[in-house]
Novice: 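Please read through the structure below; I'll follow up with questions.
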Amino acid sequence: MPELDSKFDDIEMIQLPDDDEEGDTNDFSISSETEGISDSQDSSKSNNPEDHSSPLRIFKSDREYIDLSEWLDSNEPLSFKFDKDQYKKSIDISDSFDQNYIEYVNSMYKTIEKLTTDGITRLDLEGDDSPIGLITNDTGYRASQAFKFKKTDESFQAIVESLQALINSAPEDKHDSLEFQNLQHTFYTLQCLQANNFYFDLRRKPELILQWVNTFDPKPDSDLLNDVMINNPKPYKHPQFWNTCLSQLIIRGLFTQSNDVIGHSGYQELEETCPELYSIIGDLNSLLENYTSSASKGHFTQWKLLACEFRDSLSGGQNESVTEPAHRLIISQIYDLACIITGLPKTISSYCDTWYEMYLALSLYQIRDNEEVYEDYFKTAIAEHPPVVTLGEDAENIDELSESCFINILEKNYLKALETLHEFDPPTAAYVSELLELKLVLRSYYFDSTITSNTSFQDLLNRRTISEYFLTRHAFDCLNVHDLVPVGIGLLLNDVVCRSNNSSTVNRKTIAGFLPHYHCKTNDDLEWALTICANLNLVSTARELYYQAGVKSLQDGYNYEALNNFVNCYDPTLLSGENHSEGMKKVHYIIWDMIFADSLVNNRPVNDELINNIVDRNVAPNFKIHPVIQQCLSPYAVLKEFYNSLPSKDIRAASKMSKLIHLLQFNYLPKRFAPLLLAQFLPFLLTNDNKLLVPELVVIIELIDSYETDCEDKESQEAAKLYSYSMHNVEEDDLSEYDWRRVVGKEKVPKDVTDLITTLRNHITAKIGKVFIE
């Protein structure tokens, strides 16, 4: 900081450029061009005013994006449409379930981001297995690919678990909402995808199919179970126990429940009355009990052999001793169950109501450990139980829409499945599309539209992809939800996710246009946004952020913080641009209208400890002060030194007045302050203790003449208002002992500026006369 008590040259104030200078200078920074952003609100409005209060609804907004197929075949970028009303409503989300949903989206983003940072990308997985072909070390590549596929499957499982936790967190009053139902059906769809594409261990596949089917369409019905098991003293005799209740449990692979109902069926009395049937039931129960452990240990073949032996034992003449019709009927029903667990398609079909039930049963009881057979299971199931749903967008209800999505997944129509998933929950669809890319199941969609004989390998890697489309749309949606802005920007900056030609340029412009709308709740938010600007060289955008932060700090009463933000809009080598001029206007407003004026009117330093410590140089060595702030605070620093000097008897009057003289001679001092500064001379002129020399008195006369000569009408009016304010709006009890108004006396204080000038001239004339007489 310059020395403040030496001479006038130390007082500096940055001058604002005039309008002509602003208009003639060009901003050549490559940062943001115009960096404008279109506020498209009409396209996402809903008749329900509450639709914009929840992120679940926000992501369902229709923003009229270019169609996927058209986008894949063109160079036209997706356009971000900012909805400032929607964004404003998202700044303070109080609903706990909405907050949980935001955390769910965050968790999916972190999952995908971790894959890319761990080097598990489409480029690696596809590089040695591309359609144009490369010579590779097959053994090493396949092992690496298998590892990365496993990591992809685990990431998918993490998303499934996060979604399940979100659904479980929903309060009861949310369960009937469309948003909650969409999340449930999103979960069913993910389960279906996991069971058929993301199982990383083939032995897990039947159990994953089991979870999917039983979650989507649980059976047996609780009313049936109550009727058979609760309302009947001997359930095993109930006509629906074996061929309905137990058969459904077995078809669904619910082995623990099967053991429970058999154990509580009351069949134990047969040990005395019909030992043969008792033994048959016990053998069935044992088979069901051992299924899971046998399958998980790789002993399914041995289990299947025992099941076949059990079935064959029921078909021969070994049970001819059982003559009671009711018992023989039970044996025949158990035989059907044995046919089910040994994988006989016709019997299984006769006990199934839907194709997905049959698909599950075939997966459980036929061959488990062969990837290729599952496609045959699906075809068989569809042939035996053709779906009754209307496929696609014409589905009559959400259950039909889900079932049609299941079929598309199993028929490998992944794009249709993604479109349905997008209907349920757009964010989930976006991240799942990336995982499908990593599984290489979407490559066939690009061959006809983007790959020709002239396509190079680099072009292949930089082509537009389905996942980039969905993730870019998702990123744009995140920019309209305050808490998800880091997710949106993170995706747009991810050069693995958004790899296609020109995407980085387009995304950079999108970020540059959005960031000025970002609401910085804390300094950390501002630092994060400025870091983004620094990384992308968004100079103009950074200045806009500083300007907005300065406005907020000013509103909150933090003067120095506001100054620090506003001066960062300033570039001494670039005297143009709206942010530059507006920022410097704010600096002038704080320095003159708030700090300097407050101090001058109240005749004491301002009540701002930090500002006073800065001008007194009473701050820590590592406390960095912007040079512009140092310069701009210089006038106040001089004024403060003047007030601090008044009580001191060791400082000569001339030395004290020199501070006032320096200020009044300062070229950039607003003229409205001159009268109150001139009034500070009155105590020196009224007391005989102050020995003033003629040259000092002449300087004061010159300052008075300069004010009267140079002050324009508008400036004179402003000066008169400020002087009048200081006379009528400061309580007498608040005046210090050295306040010029107290020293002069209430009755003798000049009532206005004209009176002040006359009084000063009279006292100076008297002083000069006295000097000559002495």
Side-chain angles (χ1 to χ4, degrees), residues 52-61 80 83 86-87 89-118 120 151-152 154-171 174 179-180 182-184 186-187 189-190 421-422 424-435 438 467-468 470-498 507 510-511 514-515 517-522 524-529 531-532:
H52 292 256
S53 62
S54 169
L56 282 89
R57 297 187 180 99
I58 288 172
F59 284 116
K60 296 290 286 183
S61 299
F80 172 52
D83 188 329
Q86 176 177 285
Y87 176 78
K89 291 180 180 179
S90 77
I91 291 175
D92 295 304
I93 294 177
S94 58
D95 184 89
S96 61
F97 187 64
D98 287 343
Q99 291 172 341
N100 290 342
Y101 183 76
I102 287 174
E103 182 55 37
Y104 166 65
V105 175
N106 264 307
S107 70
M108 288 193 291
Y109 168 71
K110 291 175 183 176
T111 297
I112 296 301
E113 184 185 41
K114 188 174 189 308
L115 281 177
T116 60
T117 55
D118 287 348
I120 301 173
K151 288 296 183 182
T152 302
E154 290 173 349
S155 297
F156 190 93
Q157 181 170 320
I159 291 177
V160 174
E161 291 171 353
S162 295
L163 179 55
Q164 187 169 26
L166 172 67
I167 291 172
N168 293 340
S169 74
K174 299 280 188 183
E179 290 77 24
F180 181 78
N182 282 335
L183 288 177
Q184 283 186 309
T186 299
F187 184 64
T189 304
L190 293 191
L421 188 57
H422 189 268
F424 293 149
D425 188 60
T428 305
Y431 294 107
V432 167
S433 70
E434 176 65 13
L435 294 176
L438 294 179
S467 62
E468 182 177 347
F470 281 110
L471 283 168
T472 303
R473 286 187 56 170
H474 171 61
F476 290 169
D477 287 338
C478 285
L479 296 184
N480 282 291
V481 182
H482 176 76
D483 289 342
L484 290 174
V485 167
V487 171
I489 291 181
L491 287 171
L492 295 177
L493 292 179
N494 192 314
D495 58 3
V496 173
V497 170
C498 299
N507 291 345
T510 298
I511 293 170
F514 165 77
L515 279 178
H517 298 270
Y518 180 60
H519 178 78
C520 297
K521 290 184 177 181
T522 65
D524 288 342
D525 290 343
L526 177 60
E527 289 301 321
W528 172 80
T531 300
I532 298 298

Novice: Please name the pair of heavy atoms, one in L183 and one in I167, separated by the smallest distance, quoted to 0.1 Å.
Specialist: O-CD1, 3.6 Å
Novice: Quick check against the 3.5 Å criterion: does N494 have a side-chain atom that pairs as donor or acceptor with the backbone of G490?
Specialist: no
Novice: Just how far is it from atom CG of N100 to atom OG of S162, taken to the nearest 0.5 Å?
Specialist: 11.5 Å
Novice: The criterion is side chain to side chain donor-acceptor pair (under 3.5 Å); which residues satisfy it with K151, sequence neighbours excluded?
Specialist: none
Novice: Is there side-chain contact between V160 and L163, with at least one heavy-atom pair below 4.5 Å?
Specialist: no
Novice: For F180, give me all partners under ring pair (Phe, Tyr, Trp, His ring centres under 6.0 Å), at least two apart in sequence or on another chain.
Specialist: H175
Novice: Which distance, rounded to the nearest 0.5 Å, do you find between the CG of L421 and the OG1 of T189?
Specialist: 5.5 Å
Novice: Got a second to check how far I489's CD1 is from L484's CG, nearest 0.5 Å?
Specialist: 11.5 Å
Novice: Using every non-hydrogen atom in the two residues, find where L190 and F156 come nearest and quote the distance to one decimal.
Specialist: O-CE2, 3.3 Å
Novice: Determine the minimum heavy-atom distance between I511 and I532, stating which atoms define it.
Specialist: CG2-CG2, 3.8 Å
Novice: Are side-chain N/O atoms of E103 and Q99 paired as donor and acceptor at under 3.5 Å?
Specialist: no
Novice: Can you measure from CG (L166) to CE (M108) and round to the nearest 0.5 angstrom?
Specialist: 9.0 Å
Novice: Which heavy-atom pair separates S433 from S467 by the least distance, and what is that distance?
Specialist: OG-CA, 3.3 Å
Novice: L491 and E434: side chain to side chain contact (heavy atoms under 4.5 Å, CB included), yes or no, with the steps?
Specialist: CA-CA 12 Å; L491 287 171; E434 176 65 13; over 6 Å; no
Novice: Return the set of residues passing side chain to side chain donor-acceptor pair (under 3.5 Å) with H482 (not counting sequence neighbours), or none when no residue passes.
Specialist: Y87
Novice: Tell me, please, which residues at least two apart from Y518 pass side chain to side chain donor-acceptor pair (under 3.5 Å).
Specialist: none
Novice: Looking only at non-hydrogen atoms, find the nearest pair between T510 and F476 and report the distance.
Specialist: CG2-CE2, 3.7 Å
Novice: If we ignore angles and hydrogens, is there a donor and acceptor under 3.5 Å between the side chains of Y101 and D425?
Specialist: yes
Novice: With Y109, which residues qualify under ring pair (Phe, Tyr, Trp, His ring centres under 6.0 Å), at least two apart?
Specialist: none
Novice: What distance separates H519 NE2 from I91 CD1, expressed to the nearest 0.5 Å?
Specialist: 5.0 Å
Novice: Find out whether V481 and V105 are in side-chain contact, i.e. whether some heavy atom of one side chain is under 4.5 Å from a heavy atom of the other.
Specialist: no
Novice: Take Y104 and T428 through the side chain to side chain contact (heavy atoms under 4.5 Å, CB included) test and state the conclusion after the steps.
Specialist: CA-CA 9 Å; Y104 166 65; T428 305; 2.7 Å; yes
Novice: Mind listing the closest non-hydrogen atom pair of A430 and H474 along with its distance?
Specialist: CB-CB, 3.6 Å
Novice: Between CG of D477 and OG1 of T472, what distance do you get to the nearest 0.5 Å?
Specialist: 11.0 Å
Novice: Is there a side-chain contact between D495 and T116 in this structure, where contact means two heavy atoms from C-beta onward sitting under 4.5 Å apart?
Specialist: no
Novice: Mind checking what makes side chain to side chain contact (heavy atoms under 4.5 Å, CB included) contact with N182, not counting sequence neighbours?
Specialist: K60, L178, I398, F424
Novice: Within a strict 4.5 Å, meaning less than it, do heavy atoms of the I93 and P55 side chains meet?
Specialist: yes
Novice: Return yes if a side-chain donor-acceptor contact under 3.5 Å exists between S155 and Y431, otherwise no.
Specialist: no
Novice: Look at K521 together with D92 and state whether they make a salt bridge at an N to O cut-off of under 4.0 Å.
Specialist: yes
